[in-house]
Amino acid sequence: MPKDEYTSRDFKVVGTRPIRPDGIEKVTGKARYGADISAPGMLWGAILRSPHAHARIKGIDTSKARAMKGVKAVITRADFTHQPEDSGMADILDNCMAGDKARYDGHAVAAVAATSKSIARAALAAIEVDYEVLPHVTDVDEAMKTGAPVVEPGRQQESVPEGYCENVTGRSQYGHGDPESGFEQADLIVERSFKTAATHQGYIEPHACLATLDSDGQGDLWVCTQGHYMVRNVCAGVLGLDAGQLRVTASEIGGGFGGKTHVWMEPTALMLARKSGKPVKLVLSRDEVFRATGPTASSSVDVKIGMTSEGKITGATATYRLQAGAYPGGIAFLSAMCGFAPYDLENVRTEGFEVMTNRPKAAAYRAPGAPMGAYPVESVIDELCQKLDLDPLETRLKNAAREGTRSSYGPTYPAIGLEATLEAAKSHPHWSAPLGENQGRGVACGFWFNFGGDTCVSLMVNPDGTVSLSEGNPDIGGSRASMTMMAAEELGVPLDQVRTIIADTASLGQNEVTDGSRVTFAVGLATIKAARHAIEIMKERAAMTWGIDPEAVDWRDGAAHPAGPNAGKFPPMTIKEIAAIASNTGGPIAGHHEVNAEGAGVSFATHMVDTEVDPETGAVKVLRYTVFQDAGKAVHPDYVEGQFQGGAAQGIGWAINEEYIYGDDGRLQNAGFLDYRIPVASDLPMIEPVILEIPNPGHPYGVRGVGETSIVPPLAAIANSVSRAAGVRLTSLPMSPPRVLAALKAQ
Amino acid sequence: MVAVRLWGSLAELADGQQTVEIKAANLRQLLDGLARDYPALKPQLERGVSVSIDGKIYNDTWATPIEEDSEVVLLNRLVGG
């Protein structure tokens, strides 16, 4: 087995809170986001979208649009002559530009490029589409019923037993033991059904790109994305290009949260550029972002848990049904894996169903599937605690997974930090603070895997001894700061001597998307090893200068030193001194590291929240919120705290207000921030982050990913808090005022 | 031989066996052996899986060594946000 990477050490830079390197550019408006790049002769792109939830496209007449002055290109699916062999790639193409039918309200059916935005919009209005409207289905439970309108036949995987509607495309099952015998040992069993609404990631910056593509297949794309290598590979696959001929540069990114790990319109911009022979800028409106880029799945879940009167869980089952939108795929398997993952259970079984509906293709959203996995489980545990008069933290501690526990999804855990988060919660003043009338306190636990993946880093020692570091992952949560800190730590140089940039796809090898909370772990690991590579070269250069063996040279505090008295008496050579003579000692100095980083450590969190319910209106106010989470090692604690707070804030929105609302016609009713209400500052208390540091043995500094786990517990923690405040169990999200009021009246 | 635990719906495609034995010393041999001995698993293996080896999760690194007494668990391919 690979040996553990982690060794304990005293840090000088890691763990401090320097000013973020991207801060001034962002607050002064100088940072360049997706829509901020223009080119000479540039055209404006615009997309025509289906007004129907499900419709056959019988014909598209673009002649009037093409004849308009200023219109330089009009495209439909017929222009995409390359048909990808891979079904996943073919689905992405169909989602970018509908083929024989529109599968959801907002599905792209044609696009134009024109000399101005207004001409582009007018050209869209001149395109005539002949639709045959088909029956539709947008609710996950309805979509599973026999006789439901089928979004696309023939896409069921072999995992789905006979008899299920064709909209059910995948099924997975996890667990061990015998839940039925476990239920027989229980003193109390609670069985309930839950629903969560589809919610959007709500990033402030809409999708935007600028594309050029010559007739010889050479192109450039400037794009707002979480993964420009993924964008390059997908666009090349969809359009039949050589990946090496398409250079993609990632812009600054104004939020992504998983929603920018997909390709939604970049092939359209490239096709418009190819057809017009001009650069084309395409910027989605907020309406388009809501209607045509994926929210997360809505869910429908059944949970059954048995517990002894002392609080030991004896048996547990859960069935998760998640809507995947208009294409196969989905994340119900992740709900099924994560729901009971915090607990040490002898008898547990979970099942997940992936279900197609006439909605936009569901996308990743921060720990995809895990919040819907945890919410019903943690709600039922809370209800059992209430009915058995048990302390909810002590009960979770009694059942907590720890090192050696066989997880509900199969593997046995190494050292993990769940107990530490629960103990920290128990001893925190929040837990014992008094509550007022109509107020309640909720707690919940959450789990996420984290992972690594393909990663490349280059570290250049410049002639003046400063350091330039290139990574290939868009900086979505502070990676430039944390990579700069890890490079400075390893090299032993001041922080301001290192600058980190995000390189384009032609400058580094393949890098996986910024997702899975992978970047601080995987890119950090590669950064440390690239620095060690450069140090080895610098030790060789010092050894050459001194006329001794490289093995007789140590590196510390940013300088080469003779390893001991036998190595000779030489004054240390600093990185500046070594860099200054690099041309004389062999040429430029650079370290690099390429790796598929495996072995990321799993992460746990416990959240605690107080809410107050207005019995007259049903409105919920969040009064106090505390996050306890294991970060492995917090490289830059400010960013870690920001991730904790951000996840909690998004969870508050998901729990209380946010939802995709569809009309009977299958059209989205609230495609804008006025009607789709994300939390604003006045909705939130100060969210207190408590960082715990249980080192990940798979990383040299013990780092774990922290970006996703923080959104797993909030739905349940808030639901438990509101249910206790209201005196009635809430089982459907969001807990909006009308829904809470109805529950209060139904008591 | 390495004992490989399958998730429930995958076990149904391996003659109902929750655990199967494969001759493998590394990840590539494990995946090849599963596809060879249990052809019904091939569609899922081609779509992608993650593999937990002694509690650490691996995706693609073929040379990852596996000991005979390693705990090996097949998982759906993980994705993130």
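Chain letters run A, B, ... following the sequence lines, proteins first and then strands; every chain starts at 1.
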Novice: Which residue out of A:Gly258, A:Pro368, A:Gly256 racks up the most heavy-atom pairs below 4.5 Å with chain B?
Specialist: A:Pro368
Novice: With a 4.5 angstrom heavy-atom cut-off, is it the side chain or the backbone of A:Arg171 that approaches chain B, or both, or neither?
Specialist: both
Novice: Please report the closest heavy-atom contact between B:Ser9 and A:Ser172, naming both atoms and the distance.
Specialist: OG-CA, 3.0 Å
Novice: Would you mind telling me which of A:Phe257, A:Tyr365, A:Phe451 has the largest number of heavy-atom pairs within less than 4.5 Å of chain B?
Specialist: A:Phe451
Novice: Grab the two heavy atoms, one from A:Glu598 and one from B:Thr61, that are nearest each other, plus how far apart they are.
Specialist: OE2-OG1, 2.8 Å
Novice: Quick one: list whatever passes side chain to side chain donor-acceptor pair (under 3.5 Å) with A:Arg321, sequence neighbours left out.
Specialist: A:Asp141, A:Ser300, A:Asp302
Novice: Please report the interatomic distance CZ(A:Arg518) to CG(B:Leu78), rounded to the nearest 0.5 Å.
Specialist: 14.0 Å
Novice: Does any backbone or side-chain atom of A:Gln226 lie under 4.5 Å from a heavy atom of chain B? Answer side chain, backbone, both or neither.
Specialist: side chain
Novice: Go through the atoms of B:Leu13 and report whether side chain, backbone, both or neither lie under 4.5 Å from a heavy atom of chain A.
Specialist: side chain
Novice: Rounded to the nearest 0.5 Å, how far does CD of A:Gln157 lie from CD of B:Gln44?
Specialist: 6.0 Å
Novice: Heavy-atom pairs under 4.5 Å with chain A: which of B:Leu6, B:Leu10, B:Leu74, B:Val79 has the most?
Specialist: B:Val79
Novice: Just verifying a value: how many Å separate A:Tyr409 OH and B:Ile57 CD1, rounded to the nearest 0.5 Å?
Specialist: 4.5 Å
Novice: Using every non-hydrogen atom in the two residues, find where A:Pro411 and B:Leu75 come nearest and quote the distance to one decimal.
Specialist: CD-CD2, 4.1 Å
Novice: Walk me through whether B:Glu12 and A:Gln173 qualify under side-chain contact (heavy atoms from CB on, under 4.5 Å).
Specialist: CA-CA 10 Å; B:Glu12 293 166 8; A:Gln173 193 185 62; 4.2 Å; yes
Novice: Indicate whether any N or O donor in one side chain lies under 3.5 Å from an N or O acceptor in the other, for B:Asn76 and A:Tyr174.
Specialist: yes
Novice: Shortest non-hydrogen contact from A:Trp448 to B:Gly80?
Specialist: CZ2-CA, 4.0 Å
Novice: Suppose the criterion is ring pair (Phe, Tyr, Trp, His ring centres under 6.0 Å): which pairs have a residue in residues 14-38 of chain B, not counting sequence neighbours?
Specialist: none
Novice: Minimum heavy-atom separation for A:Ala364 to B:Gly81, with atom names?
Specialist: CB-CA, 3.9 Å
Novice: Between B:Lys42 and A:Glu158, is the closest basic N to carboxylate O distance under 4.0 Å?
Specialist: no
